[in-house]
There are 2 protein chains.
Amino acid sequence: MKKIHIIGLGLLGGSFSLALKQAKPDIKFTGFDANPKNLEDAQILGIIDEAKEEPDADTDVIILATPANTLSGLLIKYLDQVGPNTLIIDFGSTKENLCKAVTEHPKRAQYLAGHPIAGTEYSGPKAAKADLLDKKVFIICEMELTDVHLKGMAYDILEALNMKLRFMDAEEHDRHLAFVSHLSHVSSFMLGKTVLDKMEDEKNIFDMAGSGFASTVRLAKSSPAMWAPIMEENKKNMLEALSLYISNLSKFRDKIIAEDFESLASEMQKINKIGDILDLGK
Amino acid sequence: MKKIHIIGLGLLGGSFSLALKQAKPDIKFTGFDANPKNLEDAQILGIIDEAKEEPDADTDVIILATPANTLSGLLIKYLDQVGPNTLIIDFGSTKENLCKAVTEHPKRAQYLAGHPIAGTEYSGPKAAKADLLDKKVFIICEMELTDVHLKGMAYDILEALNMKLRFMDAEEHDRHLAFVSHLSHVSSFMLGKTVLDKMEDEKNIFDMAGSGFASTVRLAKSSPAMWAPIMEENKKNMLEALSLYISNLSKFRDKIIAEDFESLASEMQKINKIGDILDLGK
């Protein structure tokens with residue numbers, strides 16, 4: 001493995017390169033970002049060794065790390081053009097539409113559908129960190145559809161990055177992620193909006209906000225350029241997750257109206273167990 | 001100031017004592033907790049020097065740090081019984097009902113309505129930390145109704161604890177806190193519930209949860225014994241905050257249904273500014 005080309009030099013693409021450069025210093029990184037500022041920053045920060053829009057013919061691995069709704073177009077374009085020894089991996093947060101878009105592609109075996117479970121509320125190459133992916137989960141979907149030899153390069157990379165592999169089908173991935181990731185972002189954005197709307201005529205409200213609010217609203221700083229496309233790509237599951245969330249909130253509100261605080265307390269008690277479950281996952 | 005009596009030896013009452021003992025080692029702390037295990041732990045941990053249900057007659061300050069719905073009963077009971085040199089301070093998260101309950105009390109001037117903006121998702125004396133209150137905001141309501149000499153003791157204590165004072169009326173306090181604190185807790189609890197409900201037939205879903213989910217759902221570990229009473233005491237404002245939140249979530253869902261992702265992105269962009277506002281507060 002001598003050359004990797006990264007398309008999308010933001011938080012994920014950048015962190016991937018910074019970490020892999022430490023582990024495998026002999027690999028040459030080329031790459032591109034549609035945003036000229038990001039492309040320049042990525043060169044200054046050493047995320048890529050050379051900026052170029054198209055990968056060289058001898059590129060071993062092409063990484064797609066762009067917003068979710070751009071991935072199928074890019075994936076088809078590069079599958080069409082690559083030689084037989086190049087593997088394409090994407091880092092998208094949604095998988096079902098993307099996998100479906102290339103099911104019948106003659107070079108489907110040269111694609112690995114991936115999703116690193118890592119991120120922060122920040123974006124762009126300057127937010128990239130060499131340790132972002134360390135010990136994090138990397139989900140692979142439809143792994144049986146990827147060529148076994150090309151897949152070897154992916155395993156090499158993921159092992160060098162110290163990532164924990166998980167395998168599942170694309171539909172299951174999107175359904176789960178809607179609940180454990182995408183819904184969190186919407187709940188946080190709408191919490192931020194609710195407070196900001198209120199703040200228009202209420203000055204200094206944030207002076208009273210404690211660490212609990214900061215933690216809950218943190219994801220509302222996330223990039224709309226990344227998250228609006230995720231809503232688009234995961235529409236069906238997002239609607240289910242959001243509807244269940246709204247219904248739970250409405251029932252909670254009804255219990256306050258009915259002054260049924262005993263039932264509220266016993267419900268909260270049951271939800272407390274999420275602490276044990278999350279701690280188990282550490 | 002020689003003797004302080006704390007009723008409710010949990011996270012807040014305990015942290016208060018641990019910090020003040022460092023700053024003012026000569027003060028003797030007595031205290032009580034209705035939970036025998038908490039009372040025992042508080043003695044072992046050095047939160048109180050002596051356990052007793054009722055404060056000594058020469059107690060300078062009585063701290064009420066019990067759940068919000070117990071405060072007015074305790075406040076009236078102790079106002080009725082204390083001598084003229086004792087100040088009572090409460091640490092409750094809601095203030096309007098409590099202040100109203102003692103407006104006409106002949107010893108109203110011996111009460112200071114306080115709210116330290118500090119906490120974690122954990123509770124009980126074992127969760128107490130000497131630095132929990134350090135540099136945090138302490139809100140005082142209706143400060144003009146407290147006796148000026150007794151108030152001096154409160155200022156002494158709050159200065160020793162390195163806390164930042166803010167003043168507002170009780171109604172304003174409860175309205176603001178509903179948005180910047182209480183709503184966060186409900187959004188987090190219901191996020192936890194939505195995922196737990198889904199998890200019943202979906203194993204290992206948490207394996208896929210990233211740090212974003214952990215941060216957003218953290219408050220769902222909070223104590224129901226503390227939070228159900230806050231919903232009760234702040235009912236009116238919670239209903240307003242929850243209704244606005246549900247309405248924002250529903251509109252977001254409608255935009256996904258309508259596939260109006262451009263409008264979603266521009267909305268998220270506007271909400272991003274909450275990052276700057278929160279960072280300003282640091």
Side-chain angles (χ1 to χ4, degrees), chain A residues 117-119 137 166 176-177 179-181 184 186-196 198 202 205-210 212-221 224 227-228 231-232 235 238-239 242 244-246 248-250 252-253 256 261 264-265 268-269 271-272 274-275 277-278 281, chain B residues 117-119 137 166 176-177 179-181 184 186-196 198 202 205-210 212-221 224 227-228 231-232 235 238-239 242 244-246 248-250 252-253 256 261 264-265 268-269 271-272 274-275 277-278 281:
Chain A
I117 306 295
V137 166
R166 298 288 184 274
H176 286 181
L177 267 290
F179 281 84
V180 296
S181 168
S184 294
V186 179
S187 83
S188 195
F189 267 107
M190 292 303 104
L191 181 66
K193 179 175 168 55
T194 304
V195 175
L196 284 172
K198 190 70 186 170
E202 306 276 5
I205 196 170
F206 288 99
D207 209 30
M208 282 165 286
F213 180 69
S215 156
T216 319
V217 88
R218 178 170 71 84
L219 300 178
K221 305 178 199 172
W227 282 95
M231 299 300 137
E232 184 177 348
K235 179 181 170 182
M238 277 316 298
L239 291 179
L242 261 171
L244 290 172
Y245 185 52
I246 291 169
N248 282 327
L249 286 161
S250 300
F252 193 95
R253 182 179 54 180
I256 296 179
F261 299 108
L264 269 194
M268 287 192 262
Q269 191 82 52
I271 302 164
N272 274 170
I274 204 157
I277 296 171
L278 284 175
Chain B
I117 305 296
V137 166
R166 298 289 182 273
H176 285 183
L177 268 290
F179 281 84
V180 296
S181 168
S184 293
V186 179
S187 83
S188 196
F189 267 108
M190 291 303 103
L191 181 66
K193 178 174 168 57
T194 305
V195 175
L196 284 172
K198 190 69 186 171
E202 306 276 7
I205 196 169
F206 288 99
D207 209 29
M208 282 165 287
F213 179 69
S215 155
T216 320
V217 87
R218 177 171 72 86
L219 300 179
K221 305 179 198 172
W227 282 96
M231 300 300 138
E232 184 177 349
K235 179 181 169 182
M238 277 316 298
L239 291 179
L242 261 170
L244 291 172
Y245 185 51
I246 291 169
N248 282 327
L249 285 162
S250 300
F252 193 95
R253 181 179 55 181
I256 297 180
F261 300 108
L264 269 194
M268 287 192 262
Q269 191 82 53
I271 303 164
N272 275 169
I274 204 157
I277 297 170
L278 284 176

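In what follows, chains carry the letters A, B, and so on, assigned in the order in which the sequence lines appear, proteins first and then strands, with residues in each chain numbered from 1.
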Discussion item. Using the rule given for side chain to side chain contact (heavy atoms under 4.5 Å, CB included), can you reason through A:F213 versus B:I274, listing the C-alpha separation, both sets of side-chain angles and the distance that settles it, and then say yes or no?
Written reply: CA-CA 11 Å; A:F213 180 69; B:I274 204 157; 4.1 Å; yes
Worksheet item: Where do A:K198 and B:V180 land on the side chain to side chain contact (heavy atoms under 4.5 Å, CB included) test, with the steps shown first?
Response: CA-CA 10 Å; A:K198 190 70 186 170; B:V180 296; over 6 Å; no
Supply the atom-to-atom distance [X] [atom1] to [Y] [atom2], rounded to the nearest 0.5 angstrom.
{"X": "B:M268", "Y": "A:F189", "atom1": "CE", "atom2": "CZ", "answer": "5.5 Å"}
{"X": "B:L196", "Y": "A:F179", "atom1": "CG", "atom2": "CZ", "answer": "11.5 Å"}
{"X": "B:F252", "Y": "A:M190", "atom1": "CZ", "atom2": "CE", "answer": "5.0 Å"}

Atom group of [X] that falls short of 4.5 Å from chain A, counting heavy atoms:
{"X": "B:M231", "value": "both"}
{"X": "B:A118", "value": "neither"}
{"X": "B:R253", "value": "both"}
{"X": "B:V186", "value": "both"}

Worksheet item: Based on non-hydrogen pairs under 4.5 Å, which of B:L244, B:V137, B:L239 is most in contact with chain A?
Response: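 The answer is B:L239.
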Worksheet entry | Top contributor to chain A interface from B:I117, B:I256, B:L242, B:L219 [non-hydrogen pairs under 4.5 Å] |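 Option with the top pair count is B:I256.
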Can you check whether [Y]'s main-chain N or O pairs, donor with acceptor, with [X]'s side chain at less than 3.5 Å?
{"X": "B:Y245", "Y": "A:S187", "value": "yes"}
{"X": "B:S215", "Y": "A:S215", "value": "yes"}
{"X": "A:N248", "Y": "B:K193", "value": "no"}

Worksheet entry | Sub-4.5 Å side-chain heavy-atom contact between B:V217 and A:S184 |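 No. Closest side-chain heavy atoms not under 4.5 Å.
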Discussion item. The test is side chain to side chain contact (heavy atoms under 4.5 Å, CB included); show your working for B:W227 and A:L264 and say whether it passes.
Written reply: CA-CA 9 Å; B:W227 282 96; A:L264 269 194; over 6 Å; no
Worksheet entry | For the student: nearest non-hydrogen atoms of B:P224 and A:A265, plus distance |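 In this case the closest contact between B:P224 and A:A265 is CB-O, 3.5 Å.
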Item to complete: Measure A:L177 against the heavy atoms of chain B and call it side chain, backbone, both or neither at under 4.5 Å.
Response: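 Looking at A:L177, just its side chain touches chain B.
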Item to complete: Determine the option with the most heavy-atom pairs under 4.5 angstrom with chain B, choosing from A:M238, A:K235, A:Q269.
Response: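 Highest number of heavy-atom pairs under 4.5 Å: A:K235.
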